[in-house]
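Presented below is the structure to which this report refers.
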Amino acid sequence: MASEHFLIPRNITNVLRQVSYTGIIALGMTFVIIAGGIDLSVGSMIALIGVLVVMLLNYLGDGWTAVTLAIGASVVLGVIFGAINGLITVKGRVAAFIATLATMSVYRSLTLYISDAGEVVSRNTFYPEVGGGYWLSIPIPVWLFLGLAIIGHLILRHSAYGRHVCAVGSNAKVASYSAININRVYFLTFVIAGITVGIAAVMLSSRLNSVSPGDAGLFYELDVIAAVVIGGTSLSGGKGTIWGTVIGAIILGIINNMLNLLGVSPYLQGTVKGLVILIAVLMQFQKNRT
Amino acid sequence: MASEHFLIPRNITNVLRQVSYTGIIALGMTFVIIAGGIDLSVGSMIALIGVLVVMLLNYLGDGWTAVTLAIGASVVLGVIFGAINGLITVKGRVAAFIATLATMSVYRSLTLYISDAGEVVSRNTFYPEVGGGYWLSIPIPVWLFLGLAIIGHLILRHSAYGRHVCAVGSNAKVASYSAININRVYFLTFVIAGITVGIAAVMLSSRLNSVSPGDAGLFYELDVIAAVVIGGTSLSGGKGTIWGTVIGAIILGIINNMLNLLGVSPYLQGTVKGLVILIAVLMQFQKNRT
Amino acid sequence: MSKPQTALLELRHIHKSFGAVQVLHDINVSLVAGEVLGILGENGAGKSTLLKIISGIYHASSGEVCVDGKVVSIKDASSAKALGIAMIPQEFNLIPSLNVFENIFLGNELKRHGWLDKRTMREKTQSLMALLETQLPSDAMIEDLSVAQKQMVEIAKALVNDARILIMDEPTTVLTAQEADVLFALVDKLKAKGVTVLFISHKLKEVKRLCDRLLIMRDGEVVALEKVSELDEHDMARLMVGRELSQVFPAKTVGGQELALNVSGLTVPNLLSDINLQVHCGEVLGIAGLMGSGRTETAEAIMGLRKRSQGQIEVFGEVVNIKSLQDAVEHKLAYLSEDRQGSGLIMNFDLSENITLISLNKYKKGLIQHQKTRERAEHYRKLFSIKTETVSTPLVNLSGGNQQKVYLSKWMDTEPKILILDEPTRGIDVNTKKEIYHFIRELTEQGIAVIVISSEMEEVIGLAHRVMVMREGKVQGELCGADINEQQIMYLAAGLREQQDSNNAQGKRA
Amino acid sequence: AEYKVGVSVPSADHGWTAGLLWWAEKAVADYKAKGDEVEFYVVAASSGSKQVGDVEDLMIKGIDALVILPHNPATLQKVIEEAYGEGIYTVVVDRELETPAQNVFIAGDNAGLGRESGVWMAEQMKGKGKIVVLEGMSIPINKQRVDAFNEVIAKSSGIEILDSQPADWSTQKALAVMENFLQKHSHIDAVWCQDDDMLKGVMQAIKESGRTEIKTVLGGAGSKDIIKMVIDGDPVVRATVTYPPSMVASGIALAVTGIKGENLGDMYHTSPSRVILAAELVTKDNAEHFYVPDAAF
Ligand SMILES: Nc1ncnc2c1ncn2[C@@H]1O[C@H](COP(=O)(O)OP(=O)(O)OP(=O)(O)O)[C@@H](O)[C@H]1O
Ligand SMILES: Nc1ncnc2c1ncn2[C@@H]1O[C@H](COP(=O)(O)OP(=O)(O)OP(=O)(O)O)[C@@H](O)[C@H]1O
Ligand SMILES: O[C@@H]1[C@@H](O)[C@H](O)OC[C@H]1O
Ligand SMILES: [Mg+2]
Ligand SMILES: [Mg+2]
C-alpha cells in the first residue's frame, strides 16, 4: 500500500524537496561535526534568518532586485550568526554543544521578539518562485541541495581547508603540530554551517512565502544531525563524507515518507529519528571497536 | 517600579514556586554535570512522566491511595527513563549530549503518541492539592525543593558516592585507578536526574491537574543547565555544589521576575537565559585560567 | 638468586604487547616479603608497563602473576587493592578538585552510619603525614599543592591501605634531596614491617642506597637480576645501555662550518632558563638529559609551540621572530615531536594524506592534485622502505616503526634546512633505528643541520658531533669528540659531578 | 473507495483542538458506518511546517477533497493553493487564508466572538476598571477577535486595558502569562482570554497568587467544563461565547457533498462557498442548552 504511492515520480520529487531544507544544512553541519564540533542552533537560526529576510524583502518592495538582495542578505546573516557560534566556541573555549545550546535559545527568542511571535508574510510576488519553482521538473531546492553538495564535496575532499578540517577533528594536537591554525579551521566550520542555514532559510521561507517564528526550524537540529550521522560521519570528528550526508538525508526522508504512507502516527517520527541517531552512533562505536 | 513589587512576601513565594520545578531537576542535573555528563532529555522526560502519571491516576480512580501510587510510579518512571539515558551513555559509549538529545526526541515523541498530542487531564480531585497546596504558607513544591536540596547536599558532600561523582568527573582514569567503578557512578547520576524529573513531574502535573504533551517542559533543559552553571558547577565536570545550584535557580527566577516587572518582552527571556548560560560558562573559563 | 622463604610476589613468563609492538618479553622475577627491588632501564624499556601489569592497570598478554604462591588474576585496581598491592604511578594520579584527605581515601572512604566519617579520615591523614614528616593540612586542595607535596599525597594514598606490595614508579623525580631522604627512611620502615617494594628510578645513587636487588631491563627483556652489592654505578649504566654500537651507527661525517641555527638566552618561565645552542650545516647536535630536564620544551620553544619570555633565534645569520609553528616552517625548520601518535600523525589518514599535510600547498592548483600527493608518498615509501601495501593504507594499520618513518617523511616533505628530532626512535625496533640513523647521516651529507634529542644514550653517542646535556631546564654542559661517552653524559645528566663537568663544558664552549 | 478525502488538522494541543480532532474522527466514523464509498485520511500536525508536509503526502495519495484547518494560514497558503490548483475540492476550516484558495470556507464568527465578549465584559464591569487580555496565536483570527473586543471596550472610557499578550490558546502558556501579569500589575479587575482552555490556566494562577480583587474572568469557545462552571454559578466565571469545534465535521460533510456535486441535505443548492457560525453568548440563563456532558470539549 505504501509502495503503491512510493515510486510515483511525484512522490520522489516530493521526498527530495522535503529533505532538501535540512539536507542543505546537513552539508554545513558535516563540516562542523568532522571538525569535532556540533551546532544545535541551526533550527533557531533558520527561523531568525527567515524572519529577517522576509522583513527585509517587505521593506525593499516587489521585484527581482529585492529578491536578489534578500538572498544575499540571508547568506551574510548566516555568516554572522555562524561566526557568533564560532567565536564563542573558539575564543571562549566553550564546548560547542553548550555554546550552541545557548545561541539556540537566543536566536529563537530574538526571532519571537522581532516578529512579536506572529507569522511574517512576504509581499514580494516573485519570492515564492525561488523556493517553490521548478527547473526541468525538479524543484529548485533539490537542485540547490545537489549543487551545494558538489561544492561541499570539493571543499572537503579536494581543498587544503577540507583536509585541515579532518585533521583538526581527528586530532587537534597533531593538527596544530602540523602548522595548521586550528582555531581558524574550527571557527570557519561554524561559518560554513551558518551559510547553509542562510540558504536553507531562503528556500524554506520562499516556499511558504512566510515564516512562523515559533515553529520554523523547530527540532531541525535533530534531522540535521541524524542525516550527518547516518551518513557515516563520526560524531567524535575526524572523518565523514558529504555524499554520506546526502544519502543520510535522503534515507531519513524516505523513512518519514514511508511511515506517513503507511499511516504510522506522525508523532512517532520523533521516536524513529531519535532511535536512528542512536543506532547510527552505536554502529559507529561497534565498527571502531573491531 | 520593579522593586516596589519585588520584595513583597507574596512575590517572593511566587518566585520560589516558579523556580522549584526546574530547580528540583537542577539538583539531579548537578550530579550528572559534576560527573562530566549532561542530560538534554529532562524537558521531554517531565512531559512523558507527567502524561503517564495522569493516565495512571485516571485509571486508578479517585482518592488519596491513587495519588500515593501515582507519585510512587512517577519516581519509578524517573528511575527507568534516567536508567535508559545512563545505559546508552555508559554501555554504548555515546557522548551524553548526543544520547540525551536522541532520548529527548524519543521521549517527546512518545509523549505525543501516547496522548495523541492531546492534553491529558486528571479526574482525581485530590491530586491538585499535591502541587498546589501550602504548608506554613509556603507552597509544597518549595518545601520539596529545599528538602531535596538538603538530601542532595548530603549525598554529594557527605557520602562516598558523592566523592566518587566528583572524582569521575574530574578525571575518570584516576578514579578507575582508585578502584572506583566509574560506569556505575556515572550511570547512577542519570538515574538521580531521572528521579528528580519524576518528582518535578508530579509537582507540575498536579498544579494544572493536566499535562499538555507538546509544551510541558519545553526548553526546561535550558533553565536547568543554566541554574547548575550559574551555581558554579563546572560544565567540564569535577566540581560543583548543590547550594550553588539552588542559588543559581533562584537567581534565574529573580532575573525573569525582574524582567517581567520591568515590562521586558517575555520573548526576550530566552535571550537572557542563553546569555546567562554563556556568561556563566565564560566566567568559569576565565577563573580557571588565572 | 637464593629463595630463603616462599615468594610473596612472583612473575612468571610475563609477555606484553600493544598491538604489534612487543613491550615485554618473558619476564620472570620472584620477591620475598620485605625485599626492595630496584628496576632500571632506559626510557621505554618497559618498566612502567611491567608495574602496571602488577597493579591491574594493564593485563599481561601471557604469563602469570602469583601472590603468596597462588596464581592470581588482577583485573583492575580494586582486585590489586584486595591483594594488598598499591602503586604510586609515574604520572600524577590525584583529583585536583578534591582535597588531601578526600584524595587519600578516594575509593576507600571510611564511613559511619553510611555517611562519610570525615573526622577519622582527617585524623588518619594527619598521622600519615606525620609518618611522612610532611606538614600538610588534610583539607588543603590538591590544586594548591606543590609538586613535591602532591607526591607525598600519592605516597600516603598508597600507604593508607596497609599495602603488602608497594610499587613506586620514579617517585623521587620531583622530590628534593631532603624529601627523598624522608621517603627512603619510610621505605626502610616499611621493609622492616615486611612490605615488599618495587622501585623504579633513573637515579643510580638512590637505587644503590635503597634496594636489595636490581632488575635491569632493556627493550622489554631482563638483562640482569643481581644483588645491588654486586654492581657499581658504572655496571648499572653499562647494563642499561649495553648494546654494541658499531653496526648500528654509520660513521660520522665531518660536520659543516656554516652556522644554521643560533639560539641565545632562550627562557620559558618555570621551564627553561637561558638556553644557548648552535648547530651548523651538516652537523648533528645531540641533546641528552633525564626525563623532565626540558629538552622537549627547548625544541618546542624554538619552533614557536611555546611562548618564550626571552631569547633570540638566528637562522642562517638572520634574526627571525618565530611566533608560531607556521613561522618556523616558513624559515625551513622542522620538528619531529617525541609523541608520534599524540602530536605527530593523524591515525585515520592514509600515508599520502599524512605526508603532505604540512606541505599541502605544494600540491595545490586550486584543488588538491591527489595523484601528485600519492606519487610523492610513493617516493617516501620507497626511500624509507615503509612496509605497507599501498600509500592509501590508513596509518593505524602500520607498525610503530613504520609510522615513525611516515612521520619523518611528513617533515622531510617540507624540505627543511634545520631538523629537530625528539626521541626519533622511541618504541621502534633495532633495524628501523639503524635505517633512521643512516638517513640522518645522509641528511647531514646534504648539509642539513640536525638536532637529536634522545634519552637513549647510545643514540646520542652514535650520532652527535656535539652533545648538550640538560638538567632542570638549564644547559648542564656540552661534550664533544672523545668526551662523548655514557659516563660523562650520565654524570652530567644526574648532576653527579656537577662541579667538574660544568667547568669542563664551560671550557669547551668558550 | 470511489472518493478519497484528506483531513488535515493541528494536533490536539489544547482542549479546542482536541475537540476538533474528536469531531473529525466522529464525522469519519459516521460516514464509514454508512458505507465505503469514501475513504478518509485524518492527519494531525504539531506545527505549520509539519502540516505542509502532511498536505503534500495527502496529495500523493491522490485525494479528491481536502478538509483543512491550517495551523497558521500564511505558512499553509502555498500548499493549499497547490492542492486547490490541482482541482482538489478544498474546504478551509476556522482559520482563513489571506488569498482565498478554496471551494468552501467554514468558520465561527471571530469578530462576533470579540464583540460579544467586549459587550458582556463592559456591562459586567459597569464601564470601569482594569483588564488584562490573553490572546491566542498571532494569526488573523486572533487579530479579528482582539480588534473587535478592543473596539467595543474603547467605547467605555472608564475601562483600561493594562496588558495584552499572546498565550497561544494553551492552558500552560496562559498560566505562565497570567503569573507574569499578576506580578506586574498590582490591581486587576477582569481578565479576557478568548479561550476556555486558557481560562483554566488563568484561574490557577489567580488561585496560587492569593489575589482576590479579580471579579470577572471571561474565556471563549464554550468548553463543557466552563459551561458547567457557569451552570454551577461560579462567582468569577459567569459566561462564555461559543466557537464550536464541530465545524470541522460540517466541513467534512461539505466536502463530501461538494465532490459528489449533490445538494446539501434537504436544501436546494450544493455546498455554499462560505459558512459562518454565529458566536453566541452563554450565561447562566441559557447554559443548560449548550451543555453536552459527553463532548470532548
Ligand atoms: N598504552 C600503550 N600503547 C602502546 N604502546 C605503549 C603503551 N604504553 C607503553 N607503550 C610502549 O611500551 C614501551 C614501554 O613503555 P614503558 O612506559 O613501560 O617504559 P618505561 O620503561 O617505563 O620508560 P620511562 O623510563 O620513559 O618511564 C614504550 O615503547 C612505549 O611506547
Ligand atoms: N613543573 C613540573 N611539574 C610537574 N611535572 C613536570 C614539570 N616539569 C616537567 N614535568 C614533567 O616532565 C615531563 C617531561 O618534560 P620534558 O618534555 O621537558 O622532558 P624531556 O627532557 O624532553 O624528557 P622526556 O622527553 O624524556 O620525558 C613533562 O611532560 C612533565 O610530565
Ligand atoms: O485553536 C483555536 C481555539 O482554541 C480558539 O478558541 O478558536 C480558534 C481555534 O483555532
Ligand atoms: Mg615509565
Ligand atoms: Mg621529551
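Worth knowing before you read on, the calculation uses all heavy atoms, side chains too, and leaves out hydrogens, waters and symmetry mates. Reminder, nothing fancy here: chain letters follow the sequence lines and each chain counts from 1. What you see is a predicted model, and the numbers here were worked out from it, not measured in a lab.
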Where is the tightest heavy-atom contact between [X] and [Y], given as atom of each residue plus distance?
X        : Y        : value
B:Thr241 : B:Thr233 : N-OG1, 3.7 Å
A:Gly23  : A:Ala249 : CA-CB, 4.1 Å
B:Leu278 : A:Ala102 : CG-CB, 3.5 Å

A:Thr89 vs A:Val94, side chain to side chain contact (heavy atoms under 4.5 Å, CB included): CA-CA, chis, key distance, verdict: CA-CA 5 Å; A:Thr89 315; A:Val94 177; 5.7 Å; no

Any chance you could measure [X], atom [atom1], to [Y], atom [atom2], to the nearest 0.5 Å?
X        : Y        : atom1 : atom2 : answer
A:Ile98  : B:Ile225 : CD1   : CD1   : 4.5 Å
A:Thr245 : A:Ile34  : OG1   : CD1   : 7.0 Å
A:Lys273 : A:Leu259 : NZ    : CG    : 10.0 Å

Between A:Val229, A:Ile277, A:Leu222, the one whose heavy-atom pairs under 4.5 Å with chain B are most numerous: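 The answer is A:Leu222.
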
Most chain B-contacting option - heavy-atom pairs closer than 4.5 Å, from A:Val276, A:Thr103, A:Thr271, A:Leu40: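 The residue among A:Val276, A:Thr103, A:Thr271, A:Leu40 with the greatest pair count is A:Thr271.
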
Proximal component of B:Ile114, with respect to chain A [non-hydrogen, under 4.5 Å]: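 Looking at B:Ile114, nothing touches chain A.
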
Part of B:Tyr113 lying under 4.5 Å from any heavy atom of chain A: both

Residue, of [options], that accumulates the most heavy atom pairs under 4.5 Å with chain A:
options                                : result
B:Leu275, B:Ile88, B:Val272, B:Ile38   : B:Ile38
B:Ala95, B:Ala99, B:Ser109             : B:Ser109
B:Tyr267, B:Phe97, B:Phe219, B:Tyr107  : B:Tyr267
B:Thr111, B:Leu101, B:Leu110, B:Val106 : B:Val106

Engaged part of A:Leu235 at the chain B interface, taking heavy atoms whose separation is under 4.5 Å: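 Looking at A:Leu235, just its side chain touches chain B.
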
